[in-house]
Amino acid sequence: MITIRQFKPGDWKDVKTLRLRALRDSPQAFTETLSEATEMSDSMWKKRIEQNSEGKTSYGVLASDHDKLVGMAVGLRDQIDIPKAQLVAMWVSPDYRGKGIAKSLVESISAWAKDSGCQKLVTCVTVQNAQAKHFYTKMGYDLLPDQNCNEIHLQLPLNT
């Protein structure tokens, strides 16, 4: 049975391990590199996860199959354009893809963003990641005009 839950401060080691796994599996899908994440100090990981667990300016969720972590996603409130949030660090383990986990992760981040007063949730995918583009458009995301030749920007209006 798959469960989705918000990060807790004590999850930092597990989230770090899962994030490094995601960066190894799909390096082209993220702006952060494996090298950058590996070099980040434990105190920075703790701080990042603590902020995500507070849910004020960021919100992180984990997907697990019993005790095995199989996915994650993070929402970030845009500090410049307050009515929107960004979906980042979205990843599901390859053996768990196609089972609705990604949808559940996005729905959790969307609910947090809406509850935080955001009017839209934005994300971007690399041009090469056609599967992610298809997933997000199927979820109701609209394609935004290209702002970067290597990324496709998408947004999901949040009904308020």
Val15/Met72 under side chain to side chain contact (heavy atoms under 4.5 Å, CB included): CA gap, chis, key distance, verdict: CA-CA 8 Å; Val15 173; Met72 66 180 288; 4.0 Å; yes
Hydrophobic cluster identity match, Trp91 and Phe135, side-chain contacts under 4.5 Å: no
Remaining members of the apolar cluster that contains Met1, side-chain heavy atoms under 4.5 Å: none
Derivation of the salt bridge (charged side-chain N to carboxylate O under 4.0 Å, His left out) call for Asp42 and Lys16: CA-CA 9 Å; Asp42 286 350; Lys16 176 182 176 181; 2.9 Å; yes
Cluster check Leu87, Leu18: I/L/V/M/F/W/Y, side chain < 4.5 angstrom: no
Where Leu69 and Ser64 come nearest, the two heavy atoms and their spacing: CD2-CB, 3.9 Å
Cluster link Leu76 to Leu23, ILVMFWY, side chain under 4.5 Å: yes
Trace of the side chain to side chain contact (heavy atoms under 4.5 Å, CB included) decision for Thr123 with Val88: CA-CA 7 Å; Thr123 194; Val88 299; 5.9 Å; no
Under 3.5 Å donor-acceptor, Arg5 side chain and Ala63 backbone: no
Pairwise side-chain contact, Asp142 with Pro157, heavy-atom cut-off 4.5 Å (strictly under): yes
Separation between CD of Gln51 and OG1 of Thr57, rounded to the nearest 0.5 Å: 5.5 Å
Note, Val122 side chain near Leu154 side chain (heavy atom, < 4.5 Å): no
Least distance between heavy atoms, Ser108 atom then Val61 atom: OG-CG1, 3.3 Å
Within 6.0 angstrom of Glu36 CD, more than 12 heavy atoms from elsewhere: yes
Flag, side chain of Ser41 to backbone of Met44, donor-acceptor distance under 3.5 Å: yes
Non-hydrogen atoms of Glu107 and Met139 that approach each other most closely: CG-CE, 4.3 Å
hydrophobic_cluster_shared for Leu62 and Ile49, side chain cutoff 4.5 Å: yes
Donor + acceptor pair across side chains of Thr33, Ser35 (<3.5 Å): no
Stepwise side chain to side chain contact (heavy atoms under 4.5 Å, CB included) test for Cys118 and Arg77: CA-CA 8 Å; Cys118 295; Arg77 280 192 59 125; 4.2 Å; yes
Least distance between heavy atoms, Tyr141 atom then Leu156 atom: CD2-N, 3.5 Å
Non-hydrogen side-chain atoms of Glu32 and Arg19 separated by less than 4.5 Å: yes
From Lys8 atom NZ to Asp14 atom CG, the distance as rounded to the nearest 0.5 Å: 10.5 Å
Distance (rounded to the nearest 0.5 Å) between Leu20 CG and Thr17 OG1: 6.5 Å
Close side-chain approach of Gln119 to Leu158, heavy-atom, < 4.5 Å: no
Reported NZ-to-NZ distance for the pair Lys84 and Lys120, which is rounded to 0.5 angstrom: 5.5 Å
Verdict with reasoning, Lys46 to Glu50, per salt bridge (charged side-chain N to carboxylate O under 4.0 Å, His left out): CA-CA 6 Å; Lys46 289 176 188 176; Glu50 187 175 305; over 6 Å; no
Aromatic Phe7 / basic Arg48 pairing, under 6.0 angstrom, 45° off normal: no
same_hphob_cluster(Trp12, Val74) at 4.5 Å side-chain heavy-atom cutoff: yes
Worked verdict on Asp25 versus Arg97 for salt bridge (charged side-chain N to carboxylate O under 4.0 Å, His left out): CA-CA 13 Å; Asp25 172 67; Arg97 292 178 187 158; 2.7 Å; yes
Which residues share a side-chain hydrogen bond (donor to acceptor under 3.5 Å, both in side chains) with Ser93, sequence neighbours left out: Arg21, Asp95
Which residues share a ring pair (Phe, Tyr, Trp, His ring centres under 6.0 Å) with Trp112, sequence neighbours left out: Tyr59
Non-hydrogen side-chain atoms of Leu143 and Tyr136 separated by less than 4.5 Å: no
Approximate separation, where rounding is to 0.5 Å, of Asp65 CG and Ile101 CD1: 7.5 Å
Exercise: identify the closest heavy-atom pair between Cys124 and His153: CB-ND1, 3.9 Å
Worked check of side chain to side chain contact (heavy atoms under 4.5 Å, CB included) between Met90 and Phe30: CA-CA 9 Å; Met90 172 72 177; Phe30 303 103; 5.7 Å; no
Considering all heavy atoms, the nearest Gln6-Asp11 contact: O-OD2, 4.3 Å
